2 protein chains.
Amino acid sequence: MATGREIAQLCGVSVATVSRVFNQPETVNEETRERVLRVAKELDYRPNESARALSTKQSTMIGLVWDTDHRRPGWRHPYLQDLLIGLKSALSAHGYHLLMLATSGDAREVGASLADPVGYVNMTRRHHLGGLVLIDSGSDAEAFEAFAQSGVPCVALDVAVDGPRATYVTSDNSGGARAAVAHLVGLGHTRIATITGPPGNQPSDARLSGYHTALRDAGAEPHAGYVVAGDFYRASGTAAMQRLLALDEPPTAVFASSDEMAVGALLAARAAGLRVPRDLALVGFDDIEIASVVDPALTTVAQDKPGFGVAAAKAIMAMITGGGPEGPVVLPAQLVVRDSCGARWRR
Amino acid sequence: MATGREIAQLCGVSVATVSRVFNQPETVNEETRERVLRVAKELDYRPNESARALSTKQSTMIGLVWDTDHRRPGWRHPYLQDLLIGLKSALSAHGYHLLMLATSGDAREVGASLADPVGYVNMTRRHHLGGLVLIDSGSDAEAFEAFAQSGVPCVALDVAVDGPRATYVTSDNSGGARAAVAHLVGLGHTRIATITGPPGNQPSDARLSGYHTALRDAGAEPHAGYVVAGDFYRASGTAAMQRLLALDEPPTAVFASSDEMAVGALLAARAAGLRVPRDLALVGFDDIEIASVVDPALTTVAQDKPGFGVAAAKAIMAMITGGGPEGPVVLPAQLVVRDSCGARWRR
DNA sequence: AGGGTCTATGTAACCGCTTACGGTGAAACG
DNA sequence: CGTTTCACCGTAAGCGGTTACATAGACCCT
């Protein structure tokens with residue numbers, strides 16, 4: 001690999017000039033600049049990023065905190081791929097890379113345990129990362145708070161954090177839920193239940209509050225037994241639905257806090273001999289792929305999935321270049337009406 | 001951030017000793033070692049990875065080549081998340097990180113265009129990456145070949161490459177397909193069609209050959225019109241199915257090279273008034289989430305998704321430490337019988 | 001002609017760590 | 001007791017860039 005020094009010698013200039021050609025081209029004479037560039041091309045010169053990072057004390061990398069081996073093994077993000085697409089392309093536009101940090105297996109580490117904020121923050125400092133993107137992995141808001149307080153710029157997805165250089169992006173969860181439930185109300189339903197995510201999980205809580213708001217708007221009485229907690233996964237939706245169906249006065253409509261749970265509920269309803277949407281209206285949240293494939297196609301609240309990534313990238317870049325954190329970003333969540341609540345069917 | 005020098009001063013030793021404590025602990029006296037470690041801990045010392053990479057000429061990062069903005073925009077990998085889970089955890093075990101490379105937006109680059117091998121290889125050299133993992137993004141085997149020939153260690157997923165330091169991991173595509181079609185044969189079908197992926201795509205071609213083998217095994221005559229090409233995506237499955245149904249003698253069973261296309265075919269069949277599996281048996285490939293949710297649940301060939309990542313990580317580490325590339329890894333592909341081909345129903 | 005400005009470049013220190021090499025003292029040896 | 005051996009550690013030279021500062025002309029002005 002050719003180094004700057006070699007180029008300098010071949011061109012009869014100093015290494016400083018070579019460096020300037022690439023970093024402040026306007027300060028170097030056009031003729032010499034071209035000469036340097038030509039030789040650089042001939043030698044297939046690649047500036048050494050390590051050296052560069054060492055002397056500038058900053059890298060062009062953003063860390064991604066995504067715990068795969070969380071307490072709950074096999075934890076899955078509903079739309080990781082879209083999120084990464086948005087994140088990666090937005091970061092690329094700024095010349096930044098995404099680093100998926102490993103925190104384990106390093107004997108050199110001083111005081112790190114695995115998969116906890118300490119390990120990640122260590123890595124962040126060791127690599128002089130520009131910042132961190134935190135992907136919500138269940139309900140560990142406390143861990144995220146530790147990140148936010150650590151001082152490294154970070155933006156969390158789907159969980160509100162607060163720190164000197166931290167912000168977050170989330171969907172309009174309550175608004176989306178409210179629209180979903182209002183839709184059910186508009187279809188004439190009065191016995192509307194909801195299957196929530198894990199209590200304490202922020203998006204879930206916000207969706208629940210949207211559910212309440214919509215009912216209140218409609219002047220309806222929230223029925224205590226109509227709120228059942230799940231964990232965002234399919235099986236919990238099935239279980240929750242079974243509990244709802246066992247009620248004296250089972251609901252005629254259900255708003256689930258995730259599509260996965262909605263699908264689970266659908267299976268339970270079907271198993272109980274109910275037909276959706278005729279006997280039971282169902283709305284989900286997320287608009288993952290499954291939603292449009294399931295039969296009947298699921299009415300749901302769509303999130304701007306790549307938008308999460310893009311917004312996160314923007315927020316990080318703003319903190320890196322600008323300084324202070326900007327306010328939280330709230331992405332729109334939009335009701336997508338399909339077949340599972342009978343809107344089309346009634347018409 | 002504390003540096004090695006500071007620690008050295010506080011401990012009354014030289015920086016060399018500090019470095020040794022972390023890299024060759026056995027060569028330093030126990031007492032001083034502990035002293036250094038203690039001070040390091042107090043000062044929250046983090047070795048600077050840039051400096052380290054600079055002097056050792058190697059980093060602990062593996063690059064991930066995953067073109068999101070491919071020719072075909074919106075290209076999606078059927079099971080990226082599982083693959084990443086496997087990849088990341090296996091790399092972490094070796095203390096390696098995964099770097100999602102950006103190749104655009106860098107004025108400093110000498111001769112790079114976007115999203116092509118050149119750009120990625122540039123970045124690989126600039127960052128002294130240990131190697132590259134190439135995710136198949138459609139049918140660009142030529143581009144992959146360029147990577148493989150570039151000399152940087154790389155392992156490709158689902159496309160055979162050949163190079164001085166390159167290898168690949170793939171599923172037993174033909175074996176899986178063969179099992180799937182044999183299953184259909186076993187159910188008594190004789191008019192078995194297949195919907196392939198894009199011609200030239202290696203997994204697709206292998207699956208097609210498995211299809212042929214199974215038919216030959218059964219002594220059946222391959223019907224030319226029964227092989228229809230798709231592009232792995234749902235819509236193409238629908239279109240292909242429509243073409244098959246328009247045949248004079250439509251098939252009674254279809255093996256699709258991907259679950260997405262199988263779902264597309266399912267929709268087409270349903271739209272044509274056919275009932276699956278009674279009027280048409282259907283088998284897919286991949287075993288993505290949708291497969292088990294669709295109605296009827298899809299019989300399909302499951303791939304070891306995290307296994308891809310793990311195998312890739314192993315292969316890369318072997319090339320980094322060992323030297324020469326090992327042979328290609330072929331993961332088992334296993335038939336998962338569900339409801340879409342009537343096996344259960346017949347019994 | 002002397003002084004002030006500007007532009008273009010060179011000099012050299014520095015970033016923080018690794019490592020080849022050499023030195024020191026104590027133990028072991030003949 | 002002189003010499004070898006060995007464990008331990010320091011010295012210093014990189015690694016490949018960046019950048020503050022100095023320098024040297026060229027140009028312009030009074």
Side-chain angles (χ1 to χ4, degrees), chain A residues 1-37 39-40 43-60 106-110 122-129, chain B residues 1-37 39-40 43-60 106-110 122-129:
Chain A
M1 288 280 293
T3 71
R5 183 187 317 277
E6 300 180 43
I7 295 186
Q9 287 174 342
L10 283 183
C11 290
V13 298
S14 72
V15 289
T17 300
V18 173
S19 177
R20 285 191 199 100
V21 166
F22 293 107
N23 296 305
Q24 317 152 40
E26 63 285 355
T27 72
V28 33
N29 178 283
E30 184 176 336
E31 191 184 337
T32 59
R33 192 196 323 153
E34 282 173 2
R35 190 152 35 103
V36 168
L37 285 176
V39 174
L43 266 55
D44 196 35
Y45 169 68
R46 306 285 159 222
N48 181 319
E49 289 296 331
S50 301
R52 165 169 258 270
L54 176 58
S55 71
T56 61
K57 292 171 185 303
Q58 51 171 310
S59 77
T60 55
D106 193 345
R108 190 172 306 113
E109 201 55 59
V110 174
N122 281 348
M123 283 304 167
T124 304
R125 296 209 205 285
R126 288 167 67 136
H127 289 276
H128 282 287
L129 299 187
Chain B
M1 287 280 292
T3 71
R5 183 188 316 275
E6 300 180 44
I7 296 187
Q9 288 175 341
L10 284 182
C11 292
V13 298
S14 73
V15 288
T17 300
V18 174
S19 177
R20 286 191 199 99
V21 167
F22 294 108
N23 296 307
Q24 316 152 42
E26 64 284 356
T27 72
V28 33
N29 179 283
E30 184 176 337
E31 189 185 338
T32 59
R33 193 198 320 156
E34 282 172 3
R35 190 152 34 102
V36 168
L37 285 175
V39 174
L43 265 54
D44 196 36
Y45 169 69
R46 306 285 159 223
N48 181 318
E49 288 296 331
S50 301
R52 164 168 257 269
L54 176 59
S55 73
T56 62
K57 293 173 183 301
Q58 51 171 308
S59 77
T60 56
D106 192 345
R108 189 173 307 112
E109 202 53 60
V110 174
N122 282 347
M123 283 304 168
T124 304
R125 296 208 203 287
R126 288 168 67 138
H127 289 276
H128 282 287
L129 299 187

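Every chain is numbered from 1 and lettered A, B, ... according to where its sequence line falls, protein lines coming before strand lines. Since the structure is predicted, the reported quantities are computational estimates derived from the model, not experimental observations.
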Query raised in the report: So which nucleotide from C/dC17, D/dT18, C/dG10 ends up closest to the side chain of A/Val13?
Result: C/dG10
Query raised in the report: Within this structure, what is the CG-to-P distance between B/Leu54 and D/dG14, rounded to whole angstrom?
Result: 14 Å
Requested in this report: For B/Thr17 and for A/Thr17, locate the closest nucleotide of DNA chain C by heavy-atom distance; then report the residue assigned to the nucleotide nearer the 5' terminus.
Outcome: A/Thr17
Query - Given C/dA12, D/dG14, D/dG16, the nucleotide with the shortest approach to the side chain of B/Ser55 - result: D/dG14
Query raised in the report: Is the phosphate of D/dG16, meaning OP1 or OP2, less than 4.0 Å from a side-chain N or O of A/Arg52?
Result: no
Report task. Return the value, rounded to whole Å, for the distance between atom CZ of B/Arg5 and atom P of C/dC17. Result -> 9 Å
Requested in this report: Take the protein atom NE2 of A/His128 and the nucleotide atom P of D/dG17, then report the distance between them rounded to whole Å.
Outcome: 18 Å
Query - Main-chain N/O of A/Cys11 paired with A/Arg35 side-chain donor or acceptor, under 3.5 Å - result: yes
Report task. Answer yes or no: is there a donor N or O on one side and an acceptor on the other, between the side chain of A/Thr124 and the main chain of A/Leu129, under 3.5 Å? Result -> no
Query - Spatial distance of atom CG (A/Asn122) from atom NE2 (A/His127) [nearest 0.5 Å] - result: 10.5 Å
Query - Rounded distance (Å) that lies between atom P of D/dG17 and atom CG of A/Asn23 - result: 11 Å
Query raised in the report: Between the base of C/dG10 and the side chain of A/Arg20, is there a donor-acceptor distance below 3.5 Å?
Result: yes
Report task. For DNA chain D, find the residues of residues 25-34 of chain A with a heavy-atom distance under 4.0 Å and give them by number; none if there aren't any. Result -> none
Report summary line: Testing D/dG16, C/dT9, C/dG16 for proximity to the side chain of B/Asn48, the answer is C/dG16
Query raised in the report: If we only count heavy atoms from C-beta on, is the A/Val28 to A/Val13 side-chain gap below 4.5 Å?
Result: no
Report task. Determine the contact category for A/Thr56: base if any of its heavy atoms lies under 4.0 Å from a base atom, sugar-phosphate if only primed atoms, P, OP1 or OP2 are that close, otherwise nothing. Result -> sugar-phosphate
Query raised in the report: What is the distance from atom OG of A/Ser19 to atom CD of A/Gln24, rounded to the nearest 0.5 Å?
Result: 7.0 Å
Report summary line: Among the nucleotides C/dG16, D/dG17, C/dT19, whichever has the atom closest to the side chain of A/Ala51 is D/dG17
Report summary line: B/Ile7 CD1 to C/dT18 P, in whole Å, measures 11 Å
Query raised in the report: If you count the non-hydrogen atoms of other residues, nucleotides and ligands that lie under 6.0 Å from CD in A/Glu26, is the total more than 12?
Result: yes
Query raised in the report: Is there a side-chain contact between B/Arg52 and B/Asn23, using heavy atoms and a 4.5 Å cut-off?
Result: yes
Query raised in the report: In whole angstroms, how far is the P atom of D/dG17 from the CD atom of B/Glu49?
Result: 19 Å
Query raised in the report: Does A/Lys57 place a side-chain N or O at less than 4.0 Å from the phosphate oxygens OP1/OP2 of C/dC14?
Result: no
Query raised in the report: Base, sugar-phosphate, or nothing: which does B/Thr3 touch, judged by heavy atoms less than 4.0 Å apart?
Result: sugar-phosphate
Report task. Check the distance between D/dC15's P and A/Glu6's CD and give it to me in whole angstrom. Result -> 11 Å
Query raised in the report: To the nearest 0.5 Å, how far apart are OG1 in B/Thr3 and CZ in B/Arg5?
Result: 6.0 Å
Query raised in the report: In whole Å, what is the span from the CZ atom of B/Arg46 to the C1' atom of C/dC15?
Result: 20 Å
